[in-house]
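See below for the structure under consideration.
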Amino acid sequence: MHLANKRMMELQQLLEKEVIAAVKELFNADLPSVEFQPTRKDFEGDVTVVVFPMLRVVKGNPVEIGNKVGEYLQKNVAEITKFNVVKGFLNLVVSNSYYLEFFNGMVANPTFGYATGSSKDAVMVEYSSPNTNKPLHLGHIRNNLLGYSVAEILKAAGHKVYKTQIINDRGIHICKSMLAWQQFGDGETPESSGLKGDHLVGKYYVAFDKAYKAEIEQLIAKGKDKETAAKEAPLLSAAQEMLRKWEAGDKEVVALWKKMNGWVYEGFDTTYKNLGVDFDTLYYESDTYLLGRDVVKDGLEKGVFFKKDDGSVWIDLTDEGLDEKIVLRSDGTAVYMTQDIGTAIQRVTDFPDINGMVYTVGNEQDYHFKVLFLILKKLGFTWAEKLHHLSYGMVDLPSGKMKSREGTVVDADDLMDNMTNTAASISEELGKLEGYSKEEKQSLYKMIGLGALKYYILKVDPKKRILFNPEESVDFQGNTGPFIQYTYARIQSILRKAQLVGSETVSPSLELHEKEKELLKQLEMFPIKIEEAAQAYSPALIANYTYDLVKEFNSFYQQVSILGEADEDIKKFRVLLSKKVAEVIKNAFRLLGVAMPERM
RNA sequence: GGCCUCAUAGUUCAAGGGAUAGAAUAGAAGUUUCCUAAACUUUAGAUCCAGGUUCGAGUCCUGGUGAGGCCA
């Protein structure tokens, strides 16, 4: 743990010890723990002790108790200079020198807040995991941003992390695209059409659906009912036949499958690159879809599973308040659960140091993962205790749910382009970028546009659903990514002019402006926030923390002059403080995958 | 039908059981001879309903209502 981090922990710990000692001495009572909170803005003070919980061991008036404890602390703890009691809240004023020493302790550390070294468990974080029959859409964007960000947060909190995805590269869906391309494609390729590979394949997936629906209509016109028509349509049978051939290893089908998946991967790579996400290792369903069956056999012998009369294998989870769940069909074929069991075990085999996995998958799969984790626990894997489903809400449009087959999706590539264009037009209008080349401008627009999009999505609690209105949703003013980037850019402008020289420490006896102290308190929180975000798997905590910090800085920036300050010591402190604020902003947003511009 | 989430200003989001529920947007009003006005300052506006637990409930429990999802 870094020095500055330790210091802050020490203050809380020290205060806790002192409060307990105070209660012992003043009231001869044993306090099990002390409740702290940051003092609210409307009151004087920095740290607040909540008196109410003490009433369980000390009889009396909370205000009187608070006052007595306050007097004790003021007398015995050097860091406490003043106190006041409001109702049952003991507000403590912490000395400026404490905060300035904290500042001196962190000022030279460019990665303040990040854990040093990887002392915690290695964790595998799975996210994205697309099907290879269509391009990525807005829902994938939320998934990718969340997964990537949680992985980065876990790293910052001291975990070793493997980022992975399981690519759903086999199955009926990809056969549909393949079949449609074969029948209507006329040899079209990404090169010949100028379409991105994933979009090209997606086009044929839609084409399949259209033709399939037409066939159904025809069959219905011939007197079939809807269900039989859907089952008997020749296109569907052909797709199913293709899947059988694929599973049998038919050369022609496999070659086509490889070609079209290759197009899709190229397209995905571009999207991932634009989105700024990456992976350490990949899993393909075509490699893993047969896994898990041996484990089911073992589980049967161990009595974890049981066999029904028809030969299908089940697990009984009624004791856990769930129901019975099938793990192998009567014909011996696998279900999703079988694969997932096998894949989880495979991963631990591949990366023996991992102790914990995070699955970034939408909340419609809550039940599936509950069951999966329970099964793995019952099978006796110790790491099964440390599995986590990072469940998140759907992204809905004002028009309702996104359905790729019906074309009511917000395409990931289009959306990123739109955001970049919006950023460009706002920037051009403001016209602050003289001296920037075309390329520099373009990369800046992208940084801002994506910053807006990423922040917009990540600031929301993952479990809540998002209603996304493409026209109005993503803003560039107020509580937004660009607002935070702008603050960073302004600080960089100051730093360019300031020309720092000499040692980077300040005198602990400096007078502190109210805003400066607030900023120091905010900075002090950063390591704790990372820890909280890691435990809650919530990038939203980082986003909101950064926003609070930036808000505070803008207020400071408006109220006091940094470069115009006459006193050299104070000026130096303010410049250094601004620099550290910028660094923390940058390091915090790095955890969200958002980059910071030097100018904007 | 069974189970799982969610419900906070007009709108989009905050609030580890703690003080007078914070922001942003949209609305009203102000701040450019001064470090980037994508900023700052002021103003008005909200906890779905009914019970319960608690010194204290937006937060926990029960029952409704509404939205979404999963399982047949």
Side-chain angles (χ1 to χ4, degrees), chain A residues 35-43 45 48-56 61-62 85-91 321-326 362-371 391-394 396 400-401 422-423 426-427 429-433 448 451-452 455-469 472-498 528-529 532 535-536 540-541 543-545 547-548 550-551 553-565 571 574-575 578 597-600:
Chain A
E35 199 177 317
F36 294 100
Q37 54 182 273
T39 304
R40 290 205 144 204
K41 286 264 169 64
D42 339 324
F43 304 97
T48 294
V49 176
V50 187
V51 181
F52 293 108
M54 297 182 191
L55 298 177
R56 277 179 215 126
N61 175 329
V85 178
V86 182
K87 294 185 191 167
F89 299 89
L90 168 58
N91 302 319
L322 306 174
D323 50 17
E324 295 181 345
K325 193 83 193 170
I326 190 165
N363 63 8
E364 73 274 13
Q365 305 250 32
D366 283 357
Y367 191 78
H368 175 83
F369 282 101
K370 226 189 215 174
V371 172
S391 163
Y392 61 91
M394 296 282 99
D396 290 325
K401 215 181 155 171
T422 308
I426 292 174
S427 293
E429 211 170 292
L430 293 172
K432 296 182 188 174
L433 298 171
I448 298 169
Y455 185 82
Y456 177 79
I457 288 175
L458 288 175
K459 76 173 176 180
V460 182
D461 184 340
K463 68 172 184 270
K464 292 194 177 171
R465 54 192 280 260
I466 293 183
L467 189 81
F468 190 88
N469 185 333
E472 306 169 4
S473 282
V474 183
D475 223 328
F476 289 73
Q477 272 164 6
N479 186 358
T480 68
F483 167 85
I484 288 160
Q485 290 171 319
Y486 174 70
T487 302
Y488 181 86
R490 279 213 299 203
I491 295 175
Q492 295 315 305
S493 171
I494 289 175
L495 296 180
R496 279 192 294 272
K497 288 171 188 160
I528 296 181
K529 287 293 168 183
E532 281 177 10
Q535 274 176 25
L541 296 181
N544 291 322
Y545 163 75
Y547 176 68
D548 289 341
V550 162
K551 192 101 180 100
F553 183 84
N554 281 335
S555 181
F556 161 75
Y557 180 94
Q558 199 76 19
Q559 279 192 34
V560 308
S561 182
I562 298 165
L563 297 175
E565 171 60 44
K571 176 174 163 184
R574 288 183 181 161
V575 171
S578 304
E598 296 304 304
R599 286 173 58 185
M600 70 184 272

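Lettering of chains follows the sequences in order, A, B, ..., and the numbering in each one begins at 1.
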_When the C1' atoms of B:G16 and B:G10 are compared, how many Å lie between them, rounded to an integer?_
31 Å
Nearest-Å distance once atom P is located in both B:C55 and B:G66
35 Å
Q: Identify whether any heavy atom of A:E532 sits under 4.0 Å from a base atom; if not, whether one sits that close to sugar-phosphate; answer base, sugar-phosphate or nothing.
A: nothing
- Classify the nucleic acid contact of A:I426 as base, sugar-phosphate or nothing, counting any heavy atom under 4.0 Å across all strands shown. base
side-chain N/O A:Y367 vs B:C70 OP1/OP2, d < 4.0 Å: no
Side chain of A:T487, base of B:A39: donor and acceptor closer than 3.5 Å?
no
Margin query: So, does A:K497 get its side chain near the phosphate of B:U36, meaning an N or O under 4.0 Å from OP1 or OP2?
Written below: yes
* To do: Classify the nucleic acid contact of A:P53 as base, sugar-phosphate or nothing, counting any heavy atom under 4.0 Å across all strands shown.
  => base
Q.
Could you tell me how far B:C49 sits from B:U65 if I compare only their C1' atoms? Round to whole Å.
A. 7 Å
- Query: Considering only the P atoms, how many Å lie between B:A26 and B:C71, rounded to the nearest integer?
  - Reply: 42 Å
Select base, sugar-phosphate, or nothing to describe what A:F89 touches, counting heavy atoms under 4.0 Å on all strands. base
| Can you check whether A:F43 stacks with the B:A19 base, using ring centres under 5.5 Å and planes within 30°? | yes
Report which part of the nucleic acid A:S427 touches: base, sugar-phosphate, or nothing (heavy-atom distance under 4.0 Å, all strands).
-> base
- Item | Residue-phosphate contact under 4.0 Å: A:K551 side-chain N/O, B:A24 OP1/OP2 | yes
With sequence neighbours left out, the residues meeting side-chain contact (heavy atoms from CB on, under 4.5 Å) with A:V50 are A:E35, A:Q37, A:F52, A:P53, A:F89
Would A:Y557 count as stacking on B:A39 if stacking means ring centres less than 5.5 angstrom apart and planes tilted under 30 degrees? no
Can you say whether a donor on the side chain of A:K432 sits under 3.5 Å from an acceptor on the base of B:U36, or the other way round? yes
Exercise. Given the C1' atoms of B:G22 and B:A29, what is the spacing between them in whole Å?
Worked result: 22 Å
Sorted by position of nearest nucleotide on RNA chain B, 5' first, the leading residue of A:L433 and A:Q365 is A:L433
OP1, OP2 of B:A7 versus side-chain N and O of A:K464: anything below 4.0 Å?
yes
Margin query: Taking A:S493's backbone N and O only, do any of them form a donor-acceptor pair with A:R599's side chain (distance below 3.5 Å, no angle check)?
Written below: no
Next item on the list: Describe the nucleic acid contact of A:N61 in one word from base, sugar-phosphate, nothing, applying a heavy-atom distance below 4.0 Å.
Entry: nothing
Base orientation of B:U42, chi within 90° of 0 counted as syn, else anti, reads anti
| request: Take atom C1' in B:C3 and the same atom in B:G27, then report the distance between them in whole Å. | output: 44 Å
* Asked: Can you check whether A:S493 has a side-chain N or O nearer than 4.0 Å to OP1 or OP2 of B:U36?
  -> yes
Dot-bracket for RNA chain B, 5' to 3', Watson-Crick and G-U pairs with both distances under 3.5 Å, [ ] for crossing pairs, | for partner on another strand, reads (((((((..((((....[...)))).(((((.......)))))....(((((..]....)))))))))))).
Compare the ring of A:F52 with the six-membered ring in the base of B:G18 and state whether they stack (centres under 5.5 Å, planes under 30°). yes
Check your understanding: Looking only at atom P, what distance separates B:G2 and B:U8, rounded to whole Å?
Key -> 26 Å
* Do the side-chain N or O atoms of A:R490 get closer than 4.0 angstrom to the phosphate oxygens (OP1, OP2) of B:A37? -> yes
* Can you tell me if the side-chain N/O atoms of A:K87 get under 4.0 Å from OP1 or OP2 in B:G56? -> no
(message) Does A:D548 reach a base, just sugar-phosphate, or nothing at all? Heavy atoms under 4.0 Å.
(response) nothing
Q: Using a 4.0 Å heavy-atom cut-off across all strands, classify A:R56 as base, sugar-phosphate, or nothing.
A: base
Under-4.0 Å side-chain N/O to phosphate OP1/OP2 contact, A:N554 with B:C40
yes
| said: For A:K551, is there any backbone N or O sitting under 3.5 Å from a side-chain donor or acceptor partner on A:S555? | reply: no
Of the candidates B:A24, B:C40, B:C71, the side chain of A:D323 sits closest to B:C71
Given the C1' atoms of B:G18 and B:G63, what is the spacing between them in whole Å? 27 Å
